[in-house]
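A quick note: this is a predicted structure, and the numbers were derived from the prediction, not measured.
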Amino acid sequence: MIETVFTSQTLMGLISDKESFESITDDYFQMLDLDKDGMLSPSELRQGLNRVVAVESEVASGEETDHVYNAIFERFGEKLVPEQFRDLMAEILTAMARAFGNSPVIMVVHNDGLIMKAVQHESKQGK
């Protein structure tokens, strides 16, 4: 885990760079696809999604996180293919960006998580 500072533009900047976003999300997809069948099952998504982008926290109950996962499966189906996973990641980052607004955010994130990838992407862009 690492502490980092970012803004909503950090997250949106990664999403708008289609080539980088696709490459990063495809890497995460491969990491989460434990049985290598080209689809993410509910158990694979539950096991790995929190490593990619924090959907679980110490303050959220198991019931609350169950609602998040149930909503994902309801929207995308029981098995996610890479394109659906990419859409899901874009929706999560966009929702986070909207919630943060224009204010800088200080957050502890996974070293290899999607938010840290967005911060690194922004740094490479020279912003």
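Met39 and Leu80 are not part of a single hydrophobic cluster, where members link through side-chain heavy atoms under 4.5 Å apart. Ile24 and Ile2 end up in the same hydrophobic cluster when Ile, Leu, Val, Met, Phe, Trp and Tyr side chains are linked at under 4.5 Å. Both Met116 and Val53 sit in one connected hydrophobic cluster of ILVMFWY residues. Membership requires side-chain heavy atoms under 4.5 Å apart, directly or through other members. The cluster map of Ile, Leu, Val, Met, Phe, Trp and Tyr, joined by side-chain heavy atoms under 4.5 Å apart, puts Leu88 and Met31 in the same cluster. Cluster membership check: Val68 shares its hydrophobic cluster with Phe73, using side-chain heavy-atom separations under 4.5 Å among Ile, Leu, Val, Met, Phe, Trp and Tyr.
Nearest heavy atoms, Pro82 versus Gly38: CD-O, 3.7 Å. When all heavy atoms are compared, the tightest approach of Ser20 to Leu14 is CB-CD1, 4.3 Å. His121 and Gly13 get closest at one heavy-atom pair: CE1-O, 3.6 Å. Across Met1 and Asn111, no two heavy atoms sit closer than the pair C-OD1, 3.2 Å. When all heavy atoms of Gly101 and Ser8 are compared, the closest pair comes out as O-OG, 2.8 Å.
A search for salt bridge (charged side-chain N to carboxylate O under 4.0 Å, His left out) contacts involving Asp37 returns Lys79, not counting sequence neighbours. By the ring-ring contact (aromatic ring centres under 6.0 Å, His included) test, Phe29 is found to be paired with Phe85, residues two or more places apart in sequence or in another chain being considered. Under the side-chain contact (heavy atoms from CB on, under 4.5 Å) criterion, Ser103 pairs with no residue, sequence neighbours left out. In this structure Glu91 satisfies the side chain to side chain donor-acceptor pair (under 3.5 Å) test together with Arg75, sequence neighbours excluded. For the side-chain contact (heavy atoms from CB on, under 4.5 Å) test, residues two or more places apart in sequence or in another chain that qualify with Val105 are Phe6, Phe100, Met107. Scored by the side-chain contact (heavy atoms from CB on, under 4.5 Å) test, Gln9 finds Thr7 as partners (sequence neighbours excluded).
Going from atom CG of Leu93 over to atom CD1 of Ile115 covers 7.0 Å, rounded to the nearest 0.5 Å. To the nearest 0.5 Å, the span separating CD on Glu44 from NZ on Lys36 amounts to 8.5 Å. Between Ile92 atom CD1 and Leu114 atom CG the span is 8.5 Å, to the nearest 0.5 Å. The OG1 atom of Thr4 sits 14.0 Å away from atom NE2 of His110, with the distance rounded to the nearest 0.5 Å.
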(request) Might you work through the side chain to side chain contact (heavy atoms under 4.5 Å, CB included) test for Leu32 and Gln47, ending with a clear yes or no? (result) CA-CA 8 Å; Leu32 298 181; Gln47 287 177 26; over 6 Å; no

(message) Between Met89 and Phe21, does the side chain to side chain contact (heavy atoms under 4.5 Å, CB included) criterion hold? Intermediate values first, please.
(response) CA-CA 9 Å; Met89 294 299 95; Phe21 187 69; 3.9 Å; yes

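Pairs engaging residues 98-117 under the salt bridge (Lys or Arg N to Asp or Glu O under 4.0 Å) rule: none recorded [sequence neighbours left out]. The salt bridge (Lys or Arg N to Asp or Glu O under 4.0 Å) pairs that include a residue from residues 14-32 are Asp26-Arg86, where partners are two or more places apart or lie in different chains.
With hydrogens and angles disregarded, no donor-acceptor distance shorter than 3.5 Å links the side chain of Lys124 to the backbone of Val119. With hydrogens and angles ignored, the 3.5 Å screen pairs a side-chain donor or acceptor of Gln84 with a backbone N or O of Phe76. Counting only distance, with no hydrogens or angles, the side chain of Asp33 and the backbone of Leu40 share no donor-acceptor pair below 3.5 Å. The backbone N or O of Gly113 lies less than 3.5 Å from a partner atom in the side chain of Tyr28, making a donor-acceptor pair.
In Asp35, the CG atom is crowded: over 12 heavy atoms of neighbouring residues, nucleotides or ligands sit closer than 6.0 Å.
In this structure, the side chains of Ile72 and Leu49 come closer than 4.5 Å at one or more pairs of heavy atoms.
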